[in-house]
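Worksheet: one structure, shown below.
Chain letters run A, B, ... following the sequence lines, proteins first and then strands; every chain starts at 1. Only heavy atoms go into these numbers, but all of them, side chains included; no hydrogens, no water, no symmetry mates.
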Number of protein chains: 2
Amino acid sequence: MTVSVKDVAARAGVSVGTVSNVLNRPEKVNETTARRVHDAIADLGFVRNDAARQLREGRSRSIGLVVLDVANPFFTDLARGAENRAAENGLSVLLGNSDENDEREKAYLELFEEQRVHGVLISPRGEVDESFERIRRRGTPIVLVDRDGTEHGLSSVALDDVAGGYLAVSHLIASGRRRIAFVGGPVSIRQVSDRLAGARKAAAEHPEVTLDIILADSLSVLAGRAVGEELRERPEGDRPDAVFAANDLLAIGILQALVMLGHVRVPEDIALIGYDDISFSATAVIPLSSVRQPSELIGYTAVDLLMREAEQRGDYAPEHVVFQPELVVRASTVSPEGGREGAAAAEALPAAH
Amino acid sequence: MTVSVKDVAARAGVSVGTVSNVLNRPEKVNETTARRVHDAIADLGFVRNDAARQLREGRSRSIGLVVLDVANPFFTDLARGAENRAAENGLSVLLGNSDENDEREKAYLELFEEQRVHGVLISPRGEVDESFERIRRRGTPIVLVDRDGTEHGLSSVALDDVAGGYLAVSHLIASGRRRIAFVGGPVSIRQVSDRLAGARKAAAEHPEVTLDIILADSLSVLAGRAVGEELRERPEGDRPDAVFAANDLLAIGILQALVMLGHVRVPEDIALIGYDDISFSATAVIPLSSVRQPSELIGYTAVDLLMREAEQRGDYAPEHVVFQPELVVRASTVSPEGGREGAAAAEALPAAH
DNA sequence: CTGCGTTTGTGAATCGTTTCAATTACGCGA
DNA sequence: TCGCGTAATTGAAACGATTCACAAACGCAG
């Protein structure tokens, strides 16, 4: 039924070895022979059977990527970076969506291992258990993304959320703000607590600055709206003069409550900064200052670590890269006439730990 | 190096056939033997080699999905639906992101064919050329998504954008609006021209209704903002009393310009409806009416068509499913006190053509 | 015309799993 | 104890591409 190299060989009047050579080492075969083979391939509509090739090679030509949520721009950007770097190495990326579900995460991990992928990039949902290490030891390199792997002995590419929080609040302080509020969702989320820790650090450096903590139910626009409304209701003297929201969705909700549904001016009365720099931030009524993460670079780098790990079979030495976030200053923190220069954005520098 | 069934068989003191039986037809093998085999598998850390299995089977256990843009919520929802249905059939979905790039689209198609996937779901970027049909004839079922395949003899799951446009404008008319404007990006995009056609059809049914067409540069918030500003500048009598935007991003931009940066009231002065029902629409300052597409159902159905096509090898009969969009009424088209009932949302009914 | 180096082509062996016809073991009634 | 039906197990063949040691063909200097 399906056409195999054997059929192609017969049609072209050569041996299977020659067909394989035409496909894989064209320089080894005479030009006219090669043409005959190519013609035969076209005539017969031959398509390489990847399974057979893989079986022989021992490894597939792709790498697996398991993300928490394909709908999250952070992960799609990350995936793009990974795809690009993989393509440069002649590999393709198979995207698996765990949807924050342990079962599915495990299923994809299993699938990828059975497929003998070149390696797996994964942003694990919960704890990193020994199953990861076992997979690695059986021969499939693993790199954690958006999660530090130091204590698990796994390579990883992570983000410095503490630095991000520090950047945001330092910027607010540098803009002359003193009564700062941090608005954040469940502190059980590592990213949230890290960003808060960074905020605290920045505030602690200035004795005259106060840092209030306002808890939000979740990291959503609606939760932000609720917080914004509460702020709006406060007597003017009781309000913070700056708000650092744990992510942009919250910030957008706050912005809506303050400016559109209320009468508080941003940034004159309250300066506002978010986190993630999602595309909506730039196009908000009042363009939102934010902290940007080099998502694409993370994917790109993760593939690099993977390749390096795949080579050094044997003497395994996990590597860890932590990226620094970048401050993006827009109108929500600096008055148009305020004169303050847009605070040089910190470059995103990889820092090996 | 790597552990094979042979090693497992040796360890358990059985034949390879038995190991395979334990894995694939457990009912055929004695319980105590099965336990011995399982122990051996665990001891040795055996992992099935999918390539070998596939080689034998002739087909892989996954289906390929090529989308235009993983960052687009429409496609991620679609992917979720496809994954769910595939899982019910014991298959997994490999997601390929063509990023609206012909090269990448072709590369993924080739990869999937070489992998002998069960079938391919694809939202093609440009024209559907004969290469699709060739792939199908070679034995890999193909189903087009978000694109009608009737004229190419390929199965497809599409959306009725004309009906969507009709729904939107009919709703505006039913709400008492008469001077309606359609705001849309490049009409070269099929979705845009279809929605416009639907809008025209609805308007044509009411002689007293006028339909203005305002071209936008793109389907983005910024383009919408520009259009909104233009509307705001018009003398009051010159303004439409309702706007149908070709997508939600445009609508949000318009909303911002009218309400937040201007003094036009929505829906009192101008009613506004978008298209796509992205999550931001529900959380806009003024929650946006929109037209929702059953994205998840599309992916789900596409997998069904794929499975059916895979069975009927031989007597191939392409099937076409067109889904109807659904009207979502929110505050941007009905005044809170306006009394108009929230117009029963049309059910999303599959209609085979 | 011989010998040797180079280029080009050959085909059997291999990868690891599944399948299936054949074999063995087992239980039980006669 | 024999025979027979059922259950359990076996092992060799097959899937299709790649590799590699080897052979053939060719060119050319001596």
message = Counting only heavy atoms from other residues, nucleotides and ligands, does the tally under 6.0 Å from CZ of B/Arg61 exceed 12?
response = no
Quiz: residues 74-82 of chain A side-chain donor-acceptor pairs under 3.5 angstrom, not counting sequence neighbours:
residue, atom, partner, partner atom, Å
A/Thr76, OG1, A/Pro73, O, 3.0
A/Arg80, NH1, B/Asp99, OD1, 3.0
A/Arg80, NH1, B/Asp99, OD2, 2.7

task = List for me each residue that meets side chain to side chain donor-acceptor pair (under 3.5 Å) alongside B/Asp102, sequence neighbours excluded, and say none if there are none.
result = B/Arg125
request  = Kindly indicate, with the supporting measurements, whether the criterion side-chain contact (heavy atoms from CB on, under 4.5 Å) is fulfilled by A/Glu309 and A/Tyr316.
outcome  = CA-CA 7 Å; A/Glu309 186 173 329; A/Tyr316 174 64; 3.2 Å; yes
note = Contacts of B/Asp43 meeting salt bridge (charged side-chain N to carboxylate O under 4.0 Å, His left out) (sequence neighbours excluded), chain-then-number -> B/Arg11
task = Check each residue of residues 9-18 of chain A for a non-hydrogen atom within less than 4.0 Å of any atom in DNA chain D, then write out the ones that pass by number, or none.
result = A/Gly17
message = What's A/Ser4 touching, base or sugar-phosphate or nothing? Going by heavy atoms closer than 4.0 Å.
response = sugar-phosphate
request  = Give, ordered by number, those residues of residues 29-54 of chain B having at least one heavy-atom distance below 4.0 Å to an atom of DNA chain D; if nothing qualifies, reply none.
outcome  = B/Val29, B/Asn30, B/Thr33
inquiry  = So does B/Glu319 get a backbone contact from the side chain of B/Ser155, meaning a donor-acceptor N/O pair under 3.5 Å?
reply    = yes
task = Only counting residues at least two apart or in another chain, list the ones meeting salt bridge (charged side-chain N to carboxylate O under 4.0 Å, His left out) with B/Arg36.
result = none
By salt bridge (charged side-chain N to carboxylate O under 4.0 Å, His left out) - contacts of B/Glu130 (at least two apart) = B/Arg134
request  = Specify the angle, to 10°, made by the local axes at the two ends of the helix from C/dC1-D/dG30 to C/dA30-D/dT1 when five pairs are taken at each end.
outcome  = 60°
request  = Indicate whether any N or O donor in one side chain lies under 3.5 Å from an N or O acceptor in the other, for A/Asp146 and A/Gln191.
outcome  = yes
Any B/Asp7 side-chain heavy atom under 4.5 Å of B/Phe46 side chain = no
ask   = With sequence neighbours left out, what residues match A/Glu88 under salt bridge (charged side-chain N to carboxylate O under 4.0 Å, His left out)?
value = A/Arg85
What donor-acceptor contacts under 3.5 angstrom involve side-chain atoms of residues 112-122 of chain A, with partners at least two apart or in another chain?
residue, atom, partner, partner atom, Å
A/Glu113, OE1, A/Arg138, NH1, 2.9
A/Glu113, OE2, A/Arg138, NH1, 2.6
A/Arg116, NH1, A/Glu113, O, 3.1
A/Arg116, NH1, B/Arg48, O, 3.2
A/Arg116, NH2, B/Val47, O, 2.9
A/His118, ND1, A/Ser60, O, 2.8

ask   = If we only count heavy atoms from C-beta on, is the A/Glu105 to A/Pro124 side-chain gap below 4.5 Å?
value = yes
message = Reading DNA chain C in the 5' to 3' direction, which nucleotide is the first one with an atom under 4.0 Å from a heavy atom of chain A, and which is the last?
response = C/dT8 to C/dG16
task = State, yes or no, whether a side-chain contact exists between A/Asn97 and B/Leu95 at a heavy-atom distance under 4.5 Å.
result = no
ask   = Thinking salt bridges, do B/Glu133 and B/Arg137 make one under a 4.0 Å N-O criterion?
value = yes
request  = Identify the 5'-most and 3'-most nucleotides of DNA chain D with at least one atom closer than 4.0 Å to a non-hydrogen atom of chain A.
outcome  = D/dG16 to D/dT19
